[in-house]
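As the structure lists them, so they are numbered: ligands from 1, and atoms in each ligand from 1. Computed from a predicted model, the values in this text were never measured in an experiment.
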Amino acid sequence: MSTELGRVEDLPKDYYDGLVAKNTLPLWPSLRAVLPYGRPARRTQPVLWRYADVRPDLMRAGELTPIEKAERRVVVLCNPGLGLEAMQATPTIYIGLQLILPGETAPNHRHTPTAVRFVVEGNGGFTIVNGEKLPMEKGDLILTPPGLWHEHGHEGQGPVVWLDALDLPVIYGIEASYCIEGGSQAVDKPAGHGNGRFRQGGVIPYDTLGEQRTDYPLLRFPWKEVKQTLTALAGVTPKDQLVHVAYVNPETGRECLRTLGFSAVMLRPGQEIRLKRRSASCVLHGVEGGGTAGIDGVTHAFGEADTMAVPTHAEVTLANGSGTQPAFLFMVDDAPLHRKLGIYEVFE
Ligand code: GTQ
């Protein structure tokens, strides 16, 4: 029954004011706003942030603000539809571009929000997570799960920049966001610890069978290997289907973090493809090559290191701008959260 619901104006003013005075409200004037028919109401806009636009401001931050005054030197990508101060790329996903300069240290801390890094440029950056020193090479994905100590450093030349993705809007939104500072960590794991243990998909250290699973066995996913995997998958995927891999926990085969999901897409030369419409919101980030992304009727031309926000339930079409080279995109979404909440949907 889709009848018009009563409005505030239909109520006697003294009744309405009395409700407000007692910190109460009638539901019916607002019911359709919070429970619209068919599709959610969305404030998130399909925004594009060009790296060429953000990079100069990030480099300037390197001159203006010493690392000691920043703790984390980050320019945040804020979706104007959600209000800039909310620091949300989508309702659940925070995205920032972080700069570290040679010799600098972003000090050790741990916090309740989940974070990941996706390396955009530079050499010699590293992050220490849970006593493991993880090199940061372009395109690598590095996890900093909730509660794990992490600090960043730079022992090379020139700027190092990476994309931070956090579930901060969720954790802050539920008033559960806080951090603890600590002294620098002892590196107590050998170099290449995680990647040595999980060198090849489907083959894991014997002792990890059975009951001994750790929550986060693998913290670094090198781009080189993800790209090789996508290229191999393209060779066995029908031409009209999306070449798409998920980053997973190698012991469970399931999503590697609880709220946010990570995946990578390869667009074949000349390929144009419509993604399945989903309940999840996501952020797309150009890794190699470029093209166009149509998001809810807005078309963006994107290239390397450009970042786009995709609202929940959006229509998305991706097209590779090259007829000879593949294009690669990294995706962060909130599908793991939607699945846990029992609201994950994929529409044909
Ligand atoms: O590098 O630990 O963009 O704590 C925001 C909060 C990065 C980090 C951000 C953080 C970090």
Side-chain angles (χ1 to χ4, degrees), residues 49 51 54-55 57-62 64-79 82 84-101 103-122 124-137 140-155 159-185 216 219-221 256-260 262 283 285 305 307 309 330 332 334:
W49 295 270
Y51 189 54
V54 181
R55 190 181 187 281
D57 294 331
L58 192 55
M59 294 305 141
R60 186 127 188 259
L64 296 171
T65 307
I67 195 76
E68 298 74 25
K69 289 282 181 199
E71 200 168 297
R72 299 294 192 262
R73 194 190 288 111
V74 177
V75 171
V76 183
L77 309 188
C78 306
N79 195 301
L82 298 167
L84 299 189
E85 326 71 43
M87 296 200 294
Q88 296 169 324
T90 80
T92 51
I93 305 171
Y94 158 105
I95 296 285
L97 283 163
Q98 181 163 171
L99 168 68
I100 190 158
L101 295 169
E104 288 184 339
T105 299
N108 193 31
H109 72 185
R110 60 195 185 98
H111 42 67
T112 48
T114 289
V116 304
R117 333 281 156 197
F118 189 85
V119 183
V120 176
E121 68 165 284
F126 65 89
T127 183
I128 304 172
V129 183
N130 212 24
E132 184 175 357
K133 184 174 176 180
L134 303 159
M136 301 176 98
E137 287 167 20
D140 291 354
L141 173 70
I142 291 173
L143 311 183
T144 8
L148 297 198
W149 291 109
H150 56 280
E151 61 198 275
H152 316 303
H154 185 351
E155 48 201 6
V160 165
V161 177
W162 63 78
L163 192 83
D164 286 316
L166 281 80
D167 62 1
L168 189 61
V170 178
I171 305 303
Y172 181 75
I174 63 170
E175 297 189 350
S177 180
Y178 73 97
C179 90
I180 297 172
E181 288 187 292
S184 194
Q185 298 165 70
Y216 311 111
L219 296 170
R220 174 172 178 254
F221 298 77
C256 39
L257 294 171
R258 287 182 169 84
T259 48
L260 301 183
F262 314 99
V283 167
H285 177 77
T307 304
F330 172 64
V332 180
D334 59 7

Quiz item: Do the rings of His152 and His150 sit parallel, tilted or perpendicular, given the 30° and 60° boundaries?
Solution: tilted
Quiz item: So which heavy atom in the protein is nearest atom 7 (C) of ligand 1, and how far is it from that ligand atom?
Solution: Asp164 OD2, 3.3 Å
Quiz prompt | side chain to side chain contact (heavy atoms under 4.5 Å, CB included) partners for Arg55, two or more places apart | solution = Tyr51, Met59, Glu121, Pro159
Quiz item: How close does the nearest protein non-hydrogen atom get to atom 5 (C) of ligand 1, and which residue and atom is it?
Solution: Tyr94 OH, 3.5 Å
Quiz prompt | Neighbour count >12 (heavy atoms, 6.0 Å) for atom CZ, Arg72 | solution = yes
Quiz item: Considering all heavy atoms of both residues, which atom of Pro113 and which atom of Leu166 are nearest to each other, and what is their separation?
Solution: CB-CD2, 4.3 Å
Exercise. State whether a side-chain donor-acceptor pair under 3.5 Å links Gln88 with Asn79.
Key: no
Practice problem: Show which atoms of ligand 1 fall inside a sub-4.0 Å distance from at least one heavy-atom site of His150. | Solution: 2 (O)
Quiz item: Nearest protein heavy-atom contact for atom 8 (C) of ligand 1: which residue, which atom, what distance?
Solution: Arg72 NE, 2.9 Å
Quiz item: Is there a heavy atom of Arg117 sitting under 4.0 angstrom from any atom of ligand 1?
Solution: yes
Quiz item: Numbering the atoms of ligand 1 from 1, which are under 4.0 Å from a heavy atom of His152?
Solution: 1 (O), 2 (O), 8 (C)
Quiz item: Which atoms from ligand 1 have a heavy atom of Val74 less than 4.0 Å away?
Solution: 3 (O)
Self-check item: Between Ser184 and Glu151, a side-chain donor and acceptor under 3.5 Å
Solution: yes
Quiz item: For atom 6 (C) of ligand 1, what's the nearest protein heavy atom and its distance?
Solution: Leu166 CD2, 3.9 Å
